[in-house]
There are 2 protein chains.
Amino acid sequence: MPSDARQKMIQSAVTLLATRGLEGTAFSDVLAHSGAPRGSIYHHFPDGKVQLVEEAVDFAGDAITAAINQLAGEGGDPVEAIHLFVNVMRHVLVSSDFRAGCPVVAVAAESSPDAGEQARLSRTTARVFKDWNAALAAAIESKGVAPKRAQSLATLMIASIEGAVVMCRAQRTTAPLDEVETELEALVAAIV
Amino acid sequence: MPSDARQKMIQSAVTLLATRGLEGTAFSDVLAHSGAPRGSIYHHFPDGKVQLVEEAVDFAGDAITAAINQLAGEGGDPVEAIHLFVNVMRHVLVSSDFRAGCPVVAVAAESSPDAGEQARLSRTTARVFKDWNAALAAAIESKGVAPKRAQSLATLMIASIEGAVVMCRAQRTTAPLDEVETELEALVAAIV
DNA sequence: GTCTATACGAAGATAGAC
DNA sequence: GTCTATCTTCGTATAGAC
């Protein structure tokens with residue numbers, strides 16, 4: 001199955017981007033990690049590295065968006081959404097011994113919004129952030145919070161969790177993420 | 001004055017790191033941007049790029065730490081510290097037309113805590129985060145908040161502001177930072 | 001101190017055979 | 001579809017002259 005190798009490359013790219021960053025992840029790394037045949041890169045991704053990274057960011061981002069939307073669809077509390085989001089990140093950090101962080105942030109941090117090819121990547125990460133925001137805001141709104149407030153709370157969640165992941169990786173401890181989770185849960189529980 | 005060229009290189013490195021990231025910033029870029037003579041790099045920075053980046057991160061980080069400490073020393077409200085921190089970041093974003101973000105996060109996002117030379121950079125960014133945290137926590141504590149709570153609030157501030165900067169850069173709008181500021185100020189004002 | 005020239009390695013992309 | 005070989009570019013670092 002040809003799409004099998006393709007999907008493997010995307011998943012390997014997610015892992016490697018989260019660990020080594022955009023510039024630090026070479027095509028050959030993705031090939032070695034995924035075991036994909038060398039000659040098939042430009043067959044599956046005609047636009048090269050940018051396309052592969054784009055699809056990797058979408059794949060990782062959409063997984064979280066879908067999880068939040070599912071939770072919200074089941075009438076779940078926004079506090080559970082925080083827990084879900086934080087747990088995903090904590091697992092990535094701990095299971096990699098703090099070598100890996102969030103692939104979306106890694107790409108966003110290394111992409112200038114105006115630099116040629118990277119503009120594409122900037123747009124991709126922007127879309128993921130927007131999707132996360134919409135999903136979280138909807139979950140909060142469904143509990144009776146005004147749209148504007150729900151929006152800013154959702155932004156606070158995403159920003160603080162993503163920022164905490166960066167701090168955790170540098171400090172090699174989950175403490176920042178733990179502290180952010182505690183504060184966010186207390187804040188949201190008091191509002192909804 | 002020899003230290004003049006040195007300081008110029010450090011300041012140029014701060015700007016370029018914030019704009020193009022760690023791997024995206026070449027030595028030649030720093031030279032071109034600072035106007036420093038080509039042959040003087042390894043004279044001023046014997047350990048090469050790692051040393052230059054290290055000093056640039058320290059320089060940028062210490063400037064913010066000092067500003068917060070000064071504010072706290074004057075008995076300033078923690079809400080003012082939030083305002084100060086956010087304003088610095090907002091100015092960087094807007095004045096660069098969203099090309100530049102936070103240099104500390106840029107380096108932190110691209111440094112693996114275990115990879116050879118980059119371990120040094122990881123330790124440097126970790127120290128900056130810790131300094132920011134201590135300064136903000138002290139300012140909050142001085143208003144009668146329990147140490148542990150002050151600590152987690154400080155972490156929430158740093159994480160959310162830094163995360164918001166990443167989002168702002170990708171989305172080319174200050175909206176995330178504005179929303180985070182509003183939420184943080186309301187939260188802290190209610191506590192102190 | 002500052003210069004030029006260069007060694008050395010890495011990575012993206014392409015060409016053409018199988 | 002997949003392979004190998006190669007082109008081209010680029011960035012760090014060093015060597016040695018001025």
Side-chain angles (χ1 to χ4, degrees), chain A residues 1-10 12-13 15-57 103 106-107 110-112 115-122 124, chain B residues 1-10 12-57 103 106-107 110-112 115-121 124:
Chain A
M1 201 186 292
S3 66
D4 194 48
R6 213 187 115 93
Q7 189 56 29
K8 265 191 174 176
M9 280 191 257
I10 292 175
S12 287
T15 302
L16 290 168
L17 287 170
T19 309
R20 309 186 200 178
L22 176 58
E23 300 274 329
T25 299
F27 251 161
S28 52
D29 297 333
V30 176
L31 290 170
H33 188 271
S34 65
R38 176 154 190 77
S40 61
I41 311 178
Y42 287 89
H43 172 71
H44 291 301
F45 304 95
D47 287 354
K49 185 174 177 174
V50 180
Q51 185 183 355
L52 172 60
V53 172
E54 208 167 22
E55 298 202 28
V57 170
V107 174
E110 289 186 65
S111 307
S112 284
E117 289 188 315
Q118 300 200 336
R120 252 176 93 173
L121 296 179
S122 228
T124 302
Chain B
M1 199 185 295
S3 66
D4 195 48
R6 213 189 115 92
Q7 189 56 29
K8 263 191 174 175
M9 280 191 256
I10 291 175
S12 287
V14 170
T15 302
L16 290 168
L17 286 170
T19 309
R20 309 186 200 177
L22 177 58
E23 300 273 328
T25 300
F27 249 157
S28 52
D29 297 333
V30 177
L31 290 170
H33 187 270
S34 66
R38 175 153 190 77
S40 62
I41 313 177
Y42 287 90
H43 173 70
H44 291 301
F45 304 95
D47 287 356
K49 184 174 177 177
V50 180
Q51 186 184 356
L52 172 60
V53 172
E54 208 167 21
E55 299 201 27
V57 170
V107 174
E110 289 187 65
S111 307
S112 284
E117 288 188 316
Q118 300 200 334
R120 252 175 93 172
L121 297 179
T124 302

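Note on naming: letters A, B, ... go to the chains in the order of the sequence lines (proteins, then strands), and numbering restarts at 1 for each one. Note: hydrogens, waters and symmetry copies are ignored here, and every other heavy atom, side chains too, is used. No experiment lies behind these values; they were computed from the predicted model shown.
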Please tabulate the protein-to-nucleotide N/O contacts below 3.5 Å involving nucleotides 13-18 of chain C, giving atom names and distances.
{"from": "C:dA13", "atom 1": "OP2", "to": "A:Y42", "atom 2": "OH", "distance (Å)": "2.7"}
{"from": "C:dA13", "atom 1": "OP2", "to": "A:K49", "atom 2": "N", "distance (Å)": "3.4"}
{"from": "C:dA13", "atom 1": "O5'", "to": "A:Y42", "atom 2": "OH", "distance (Å)": "3.0"}

What are the two closest heavy atoms between B:T25 and B:G21, and how far apart are they?
-> OG1-O, 2.6 Å
Are any side-chain N or O atoms of B:S112 and backbone N or O atoms of B:A119, one a donor and one an acceptor, separated by less than 3.5 Å?
-> no
Of all the nucleotides listed (D:dG1, D:dT12, C:dG1), which has the minimum atom distance to the side chain of A:H43?
-> D:dG1
When the distance from CD of A:E23 to P of D:dT9 is rounded to whole Å, what number comes out?
-> 18 Å
Smallest separation among heavy atoms of B:A106 and B:L17, with atom names = CB-O, 3.5 Å
Would you find a donor on one side and an acceptor on the other, under 3.5 Å apart, between the side chain of A:K49 and the backbone of A:L22?
-> yes
Roughly, in whole Å, what's the span from CD1 in A:I41 to C1' in C:dG12?
-> 9 Å
Donor-acceptor contact present, side-chain B:R6 to main-chain B:H44, <3.5 Å | yes
Nearest-angstrom distance from the residue atom CG of A:L31 to P of D:dG1 | 17 Å
Within the structure, does a side-chain N or O atom of B:H44 lie under 4.0 Å from either OP1 or OP2 of C:dG1?
-> no
Measure from CZ on B:R6 to P on C:dT2 and round the result to the nearest Å.
-> 13 Å
Please give, in whole Å, the distance from C:dA11 P to A:L22 CG?
-> 13 Å
Do A:F45 and A:F27 have ring centres separated by under 6.0 Å?
-> no
